[in-house]
Asker: 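Please read through the structure below; I'll follow up with questions.
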Amino acid sequence: MLIAGVIALCVVILILAFIAPRLSQYPQRGSQKAIGAGGRGASNAPGPLGRWFAKPFWTSSKAVGKSGEAGRKGRGKMPF
């Protein structure tokens, strides 16, 4: 269920970045902040468990950033 949510968020950010590149930066940053808060909370676990628990949050935050970047890059390549 969480994976589907992250994928849906990436698709929404991608479409928003393609349609309105400047306006997409705020929702992208907000979603990355929310995901990062979960990662910071999970990283407080002791030892290597902290890294293991935080890794899904960091990778999903990175995926949201890449989808926004891809949408803006695609819009920049359009002829109009």
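What you see is a predicted model, and the numbers here were worked out from it, not measured in a lab.
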Asker: Once you round to the nearest 0.5 Å, how far does CZ of R29 lie from OG of S24?
Answerer: 9.5 Å

Asker: Between CD of Q32 and OG of S60, what distance do you get to the nearest 0.5 Å?
Answerer: 9.5 Å

Asker: Which value, rounded to the nearest 0.5 Å, describes the distance between K73 atom NZ and M78 atom CE?
Answerer: 15.5 Å

Asker: Does Q28 use its side chain to pair, donor to acceptor, with the backbone of G68 at less than 3.5 Å?
Answerer: no

Asker: Just to verify, what does P21 make a side chain to side chain contact (heavy atoms under 4.5 Å, CB included) with, not counting sequence neighbours?
Answerer: R72, R75

Asker: Other than L9, what residues sit in its cluster of Ile, Leu, Val, Met, Phe, Trp and Tyr side chains whose heavy atoms are under 4.5 Å apart, directly or through others?
Answerer: I13, I35, F57, V64

Asker: On a heavy-atom basis, which atom in G71 and which in L14 lie closest, and how many Å separate them?
Answerer: N-CD1, 3.5 Å

Asker: Sequence neighbours excluded, which residues qualify as side chain to side chain contact (heavy atoms under 4.5 Å, CB included) partners of R51?
Answerer: P48

Asker: Going by the rule side chain to side chain contact (heavy atoms under 4.5 Å, CB included), which residues pair with A37 if we only count those two or more places apart in sequence or in a different chain?
Answerer: R40

Asker: Got a sec, which residues hit side chain to side chain contact (heavy atoms under 4.5 Å, CB included) with I15, two or more places apart in sequence or on another chain?
Answerer: V11, I19

Asker: Using a side-chain heavy atom cutoff under 4.5 Å and only I, L, V, M, F, W and Y, what cluster partners does W58 have?
Answerer: none

Asker: For C10 and S67, work out which heavy atoms get closest and say how close.
Answerer: O-OG, 3.4 Å

